[in-house]
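Read through the structure below, which is laid out as structure tokens, and then see the notes.
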Amino acid sequence: NVGLEVPDKQVKSVCPYCGVGCQLTYNVKDNKILFVDGRDGPANQSRLCVKGRFGFDYVHNSERLTKPLIRRSDVPKNVDYIDFDPANPGTIFREASWDEALDFAADGLKKILKENGGEALAGLGSAKGSNEEAYLFQKLIRTGFKTNNVDHCTRLCHASSVIALLEGVGSGAVSNPMGDVSNADVIIITGANPTVNHPVGASWMKNAIKNGTKLILLDPRRSELTRHATHHVAFKPASDVALLNAMMHVIIKEDLTDKAFIESRTENYEELAAHLESYSPEAMEPVCGIKADKIREIARLYATADNAMILWGMGVSQHIHGTDNVRCLISLCMITGQIGREGTGLHPLRGQNNVQGASDVGLIPMVFPDYQPVTNEQARHRFETLWGTELSDKVGLTTVEIVNEAYNGNVKGLYVEGENPAMSDPDSNHARAGLAKLDHLIVQDIFLTETAYYADVVLPASAFPEKTGTFVNSDRSVQLGRQALDPPGEAKQDLWIIQEIAKRLGLDWQYDSAEPVFNEMRQGMDSIAGITWDRLQNESVTYPCKEEGDAGSPIIFTDSFPTQSGKALLVPAAIVAPDETPDQEYPFVLITGRQLEHWHTGSMTRRASTLDALEPEAYVAVNQRDLLSLGLEAGDTLKLQSRRGEITVKTRIDDLTPAGTVYMPFCYFEGAANQLTNAALDPDAKIAEVKYCAVRISAA
Ligand code: SF4
């Protein structure tokens, strides 16, 4: 440490990036983070990945918003912002006082509420904020805007997993923690690249494999984990249902099911078994591209393991058949009885650091906190009593629907807190046109995001280390993030901003910190009712924790499921083709995703100096064979076109990506992958098919 500055304080917090939920310490001097250390948390045991360790100096970036901004009357919204410099907001906005900006923001909402009613308003909250922020934000939309039109990025990541899990096992969260892979004899990882997206989680997986756990990797792309896999099963993109149904067909035909478990713990097995009759490995081989013998081998390996666990990511969920994909994973787990013990179960690898918590506290349009349906009279009554006002029983619009309805003129006012739909929504040219059509757009953020370019008013908010609150990781662990820094300039805490808007809409809220918000949440959410603020000062607690003093429940479903019957429902799934398949005009499949050094739309990591230096520019990954056949070379600038847009980016040779398929991270504004993606929705979960669309490639 020679030459390093000595911190004047150390603050215990959690990582702001992925759902692993690593605990860390901010080492601070003079309101500046000097460096970050890993802490001995249950999910990381002092480990951190490159983002957690080096991705913190975005908070000190000179582009931080430090004053409220109001759009200049001479700047139209629907212009091409590709060369806009977020360091110079004066070309779009003028500075304002907090009072002027808040009054302006609230007046625009009140005008729409009066003239068009609450259904013309909507809110997009954040999975990166605390539970308390997400809870207050959805409460504001429901009680102040008088609508359930409130959603967040879960809609674009695991909405299909949550819908299928609620339907099948009565709970939308994981059954076993990620680290439980060390107790599994076999793990299936499908549609996920943990080395990139959950790096510390991946380190536990690799440790388990070293100790003898067998890995079945189901994924059309190869990844770093491939070399650790016993079997890498590179099925054709979007043929998950065919492969998983064929595996179940084998398990039933070869009598490898757990009959006692099926009998005592599940419903609808006969219907599932009858449905699977036609899904023999031979019949599915041409559909999924995997040899029948290989399907048999992996089915036997999973079914006969003493303990086997399934983990999955957005390669499973982001399809128009995402809910069906997860239904198959649930059935596979249930017919083999691989749940309710250490080293077994179902683990959807949650993306954002608090996407689990934001969903739990009701930042979704169909349910109140703790997944209590808005259509259920008893649930509505519970929250009407708690919040002291009447609530709508109409299921609200989801993320993509909100922007679609903005485009159609039916949603006129939108409050965006910490999300960036101009980058993260599918078919982003359409999404941006929708944002530009809004009569009134409020953006609350720490940077002038691409979404803020369309705003009428911008409210400068606090970054992760500038506030205190609770967060829920992928393991259902509730953990405390603590304030280490003061926000810069006139930037304010998000809880304060949300309350100032609420006050101007006539709501009398008096929360002076996160603690009273958390205590109110406990009154409406049985799952965390037993967790006290004091206890969180010393430890993280895994819900369900219904009574004070409960130890918490890292492994659930040990003897029943929280469904009405107490049993798991097996739901058969049939093959559904992708919404758009390659053809002569658009012959390649585009898969989008993340990369190790960047996070989602890049608003934080692209302003973190080390991460930006490691990965500074947009690229498309193309298989060498495809590049050769097109007469192109690595480093060439390519034009990528879909039916929805075109972009130009440099190419990299990437033999992880199979021929006929190209891969792009979606974090780069200058080569925005989502300008190409398809906004077609899964009918159950309303998640978009951003993992699969047809494109063509040519030299730029
Ligand atoms: Fe942060 Fe996830 Fe990396 Fe842990 S694994 S340090 S939570 S990004």
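What you see is a predicted model; the values in this text were computed from it and never measured. In each ligand, atom 1 is the first atom listed, and ligand 1 is the first ligand listed. Nothing fancy with the numbering, it's 1 onward along the sequence.
- For E224, the salt bridge (charged side-chain N to carboxylate O under 4.0 Å, His left out) partners at least two apart in sequence or on another chain are K206, R227.
- For the side chain to side chain contact (heavy atoms under 4.5 Å, CB included) test, residues two or more places apart in sequence or in another chain that qualify with N307 are D185, R341, T344.
- Here H198 pairs with nothing under the ring pair (Phe, Tyr, Trp, His ring centres under 6.0 Å) rule; sequence neighbours left out.
- The only member of E133, Q493, Q483, E132 that meets side-chain hydrogen bond (donor to acceptor under 3.5 Å, both in side chains) when paired with K467 is E133.
- Here the options are E615, E450, E617, E670, the test is salt bridge (Lys or Arg N to Asp or Glu O under 4.0 Å), and the partner is R606; only E670 passes.
- A distance of 9.5 Å separates CZ of F35 from OG1 of T25, quoted to the nearest 0.5 Å.
- Around atom 4 (Fe) of ligand 1, protein atoms of type N, O or S found under 2.8 Å number 1.
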